[in-house]
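See below for the structure under consideration.
Each chain gets a letter, A, B and so on, in the order the sequences are listed, and its residues count up from 1. Basis for what follows: all heavy atoms, side chains included, without hydrogens, waters or symmetry-related copies.
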There are 2 protein chains.
Amino acid sequence: MTISGPEPNLPSDSPSSWPAKPTGRSIIAGRPGGASGGPPRGSREADLLSFHAVDPRTGRELEGVYQSATTAQVAEACEAAERAFRANSARPPEDRAALLERIADVIDASAPSLLALASSETGLSVERLTPELKRTTFNLREFAKVVRAGAWLRRVVNRHRDRTDHAAHPDLASLLKPLGPVGVFGASNFPLAYSTAGTDTSSALAAGCSVVVKGHPSHPGTGEVVAQSVAAAVQELGFDPGTFSFLHSGGGGPREAAVGLELVRHPAIRAIGFTGSCSGGMALAEAARTRMVEGASSEFAGGFGVEGPVADPIPVFAEMGSTNPVFILPGALRAMGDEVADAVYSSFTNSAGQMCTCPGLIFVAAGEDATRFVSLLAQRVRASEGQVMLSFRVREGYHRRILELIHTQGVRLLARGALAQESRGGGVGEAAGQPIAGVGVGSLPDRAALDSVAMLLHTTLDVFLTKGTTRDECFGPSTLIVECPSAEDMVRAARAVQGSLAASIYARVGGAIPPEDAALVHKLVALLERRVGRLVFDGVPTGVVPLEAMVHGGPFPATNMPQATAVGARAIERWCRPVCYQDWPAELSRDILGD
Amino acid sequence: MTISGPEPNLPSDSPSSWPAKPTGRSIIAGRPGGASGGPPRGSREADLLSFHAVDPRTGRELEGVYQSATTAQVAEACEAAERAFRANSARPPEDRAALLERIADVIDASAPSLLALASSETGLSVERLTPELKRTTFNLREFAKVVRAGAWLRRVVNRHRDRTDHAAHPDLASLLKPLGPVGVFGASNFPLAYSTAGTDTSSALAAGCSVVVKGHPSHPGTGEVVAQSVAAAVQELGFDPGTFSFLHSGGGGPREAAVGLELVRHPAIRAIGFTGSCSGGMALAEAARTRMVEGASSEFAGGFGVEGPVADPIPVFAEMGSTNPVFILPGALRAMGDEVADAVYSSFTNSAGQMCTCPGLIFVAAGEDATRFVSLLAQRVRASEGQVMLSFRVREGYHRRILELIHTQGVRLLARGALAQESRGGGVGEAAGQPIAGVGVGSLPDRAALDSVAMLLHTTLDVFLTKGTTRDECFGPSTLIVECPSAEDMVRAARAVQGSLAASIYARVGGAIPPEDAALVHKLVALLERRVGRLVFDGVPTGVVPLEAMVHGGPFPATNMPQATAVGARAIERWCRPVCYQDWPAELSRDILGD
């Protein structure tokens, strides 16, 4: 997607803090470190909490020390979020729309320094991050429009006087009401669009919720600078400062996990948004489902003002793992195999394959056309250079999954790319472009730079249907070709894929589906509609446009909440609940019916 | 609510099976007992599976033997439901609307015998059941209108050509798609409106799902006769017979629980609707969340056609326990205390208090008006006669909860009703109208008739805030008066109530809120909006009108899915998931864009 956003519209009274720099402290209700400022620099507590960002291009720590939030800071952020939620509930929707637009403006204004910082922390190029930033601010402005239009509230009124076909019933009016403070866990792979002011935060603010973000430890500076932008907009527009807080956590010590769990378990928090791994998402969902809050501990929605612990489960909306299968039908494979190979190659290697909608499975029917297609893909992969991955953890995960796959009987490594300086030491296996066998995890060198190479794997439908590991996501620049005995066998393949965010069907030739493939297309659509959130025709699954009709969700394990979408206007509804008012007094009409 | 539905519109070609009688066998894809007919009568297997309905008025078994479904029958129903789902997906919405209306007609036509049967199995009077039946068929017809109108699909189209403010994006269209076969667990307390063809079944059929109902063991005959009506309509309108199945289960043996668990775990089943106890709902939700399906076992959505078990969690929409608190403000208590006492009394004793929206907590501020109000309520309760409860289990649960409450320090039994024939033996305690102390569970006689009496309990806000048990539901004809030191203290009370389906605020006097209560009303609304699905003004919480604006849902423990409602047009969405189509071919335009 290409979005040419509007020019930044920076007011003259910009806070002097722009362009902002990270302070290393959490931003709690508008203040670095919160009310106390946090543990003083140089203190023993500060040392225990400190961590650094790592430059994936060098593997070295970047300048700047960050402090994981303390338990008291997490509580302060959550308590402020509840107070802000109540204070903000009296504000008209227009104020929220203005806030979203202002956040977009401030982020746009910080673009040059923000992009450089994000690139240094993620290894993603400024060219790759620039459209992500545009998309992030475009999304904020789109939500502002949705909030102004008001239809998202789904207001329904059934007046007694409007019905004649049955006897008395009361007046009823229902609409969506925001849940309260929301906790957001940003993703590592989209440091802007799915992180601090990404789709979860912006949709929750649009709903009227306040937000506490747990920053991702792999881009703490980026997260904090975006948080400063949000906090600045909150302050300028006179919103309660607790409307938004940002908590640092990292360093791999006990606080890295504890900050997130404390956020999920705080009685003020009413819902969680998460983008990341399956294990991370499921762990948070479990903590949220089983959480007990100390009833008397607080006056928050989940603090009931009563004695003893109270069961208070909250929803978690987790976007997790996705394979995004691509089905290339015989007609399209024959007529356009070369273009499709180029498109698919770009899609699965883009951003080192670190996109949640990368095509991880490619289904083709065996034959000459498939052979040519696979050989073209292999050429492209062999010619590819290594790319820097987001973090040690992500690269390790990628290599572990690749080794798991190539040690699965019936799976072959067809091609691999070359590291920019192969002499620095091998990635997976010894020689570029050669099939690899018997490479143990132990042979993975502890290299300084976090780059890795594209991998093209191949298997047959039989193996795919019998070896469960071939059906799981591999997060990184790889894809698995699954060769089916015949085109009709793609139906068995479609049935076997796991829940995914997206799937693609390449079927058209010259704008129309060849008659011999038409029946197969219908069968695939019928199956894939039940497996994915978005079905793409004659295009790659990557590229999630934040427009109203977008669905970024899907059955497990793509998400744990298949009824929801993380992108598009409907994403706002995740942070709401319908409430019905029956025979309301005139005094409340404006609140309930709007203007 | 009073609904005068249309006259039954019975066609001349009615199946000879109307008015139907129970056969004692499950209805599987239109056939009693399914393809095999089930275990033959008199066989040892049939004996092991057999159970009877009980007449709560006599405590004796009713005529007719029912057979719990076998494992093979559960699987047959689920497999047929999947085949039907696929077959039905090609049908236009108009067909589904006609099916819903036809089901309503057939049920209406069977009304006289159905009402008599339901009354004999539940102890609810024909007068009480008649409006429930009207509401059930009204609801089916309302959903037919919603399906015809089509707006429930929430279709959104973003065409590339419609946007001028940014660069290229693909064409996107999204709409709700049905999940597949749905399993429904009916409630005991509404044998029609929340059971076999109640709101879960009708909303799932409206969505385009097929349905497998697990009949409630306390009204097996009613369930089966309604199932016959649904199956007859399915057959008449030429729907695949697997569109609807009904499974008997009961007798307290291993099959009673197993039928339900097998339904939840069958790979064809994609979602569950449940109305009942908190323990039941949470157990099903746990089974659904952790379910593993045998991937190779089938060709269903959850049978992936692959080797080995596959994690395949499905959503459960459970409506569970609710206290439905009532707040009576000082002005209303003074001006209208007598009328409110009458209304509240009727509301909590109606149907022996066996309604999910019965007012279980009444908050008043201490003072003369409260004393008078409580004394009036006590008079009404003392003058009340015993009512038959739904089943041994429900009556036992009621008595256990009453004993738990009256053994809680600070809770007093203010008044109790009298059994119709008190001489038959005491219910809870010995003497009618006397406070009870030290009555153990052991003193509950194993009486034949299942009647019980109304109970009026009293406590103070301090006790309510410190003794957790006072905040839980008591299912039966009782309510707990919570006396607050002052009106302002009701705010603390509102914060302390658990998630509920509904709450009431009595505030108006002569059509307007007295100025001295206005601020308090706003505070209560702000708190209760976060605790309940429906907020009733100057009326009782009972009475759930199935119109579009209705919300029948709420935070835990009222439901496990606070974003959903079980009643109203939005209930249909529970059985759907949004799917986005990107750059779809012309050949699929009609499916995606509609006509």
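Shortest non-hydrogen contact noted between A/Gly554 and B/Arg577 is CA-NH1, 4.1 Å. Nearest approach of B/Glu587 to A/His522, heavy atoms of both residues: O-NE2, 4.4 Å. Contact detail for B/Gln582 and A/Arg534: the closest heavy-atom pair is OE1-NH1, 2.6 Å.
A search for side chain to side chain contact (heavy atoms under 4.5 Å, CB included) contacts involving A/Val551 returns A/Thr565, B/Ser174, B/Pro578, B/Cys580, not counting sequence neighbours.
Atoms NZ and CZ, from B/Lys523 and A/Arg86 in turn, are 11.5 Å apart once rounded to the nearest 0.5 Å. Here A/Leu528 contributes atom CG and B/Tyr581 contributes atom OH; the two are 10.0 Å apart, rounded to the nearest 0.5 Å. The line from CD of A/Glu529 to CG of B/Leu175 is 8.0 Å long, rounded to the nearest 0.5 Å. Taken to the nearest 0.5 Å, the CG atom of A/Asn560 stands 10.5 Å off from the CZ atom of B/Arg289.
At a 4.5 Å heavy-atom cutoff, the contact between B/Pro315 and chain A is made by side-chain atoms alone. In this structure, no portion of A/Arg155 lies under 4.5 Å from any heavy atom of chain B. Only the backbone of B/Val497 comes within contact range of chain A, with heavy atoms under 4.5 Å apart. With a 4.5 angstrom heavy-atom cutoff, A/Ala173 touches chain B only via backbone atoms. Residue B/Ala569: no heavy atom, backbone or side chain, is found under 4.5 Å from chain A. Neither the backbone nor the side chain of B/Ala518 comes within less than 4.5 Å of any heavy atom in chain A.
Considering only heavy-atom pairs separated by less than 4.5 Å from chain A, the leading option among B/Met550, B/Lys467, B/His552 is B/Met550. The candidate with the highest count of non-hydrogen atom pairs below 4.5 Å against chain A, out of B/Leu588, B/Leu535, B/Leu527, B/Leu176, is B/Leu535.
A donor-acceptor contact shorter than 3.5 Å links the side chain of A/Asn158 to the backbone of B/Glu548.
Between B/Glu82 and A/Arg530 there is a salt bridge, since at least one side-chain N of the basic residue sits less than 4.0 Å from a carboxylate O of the acidic one.
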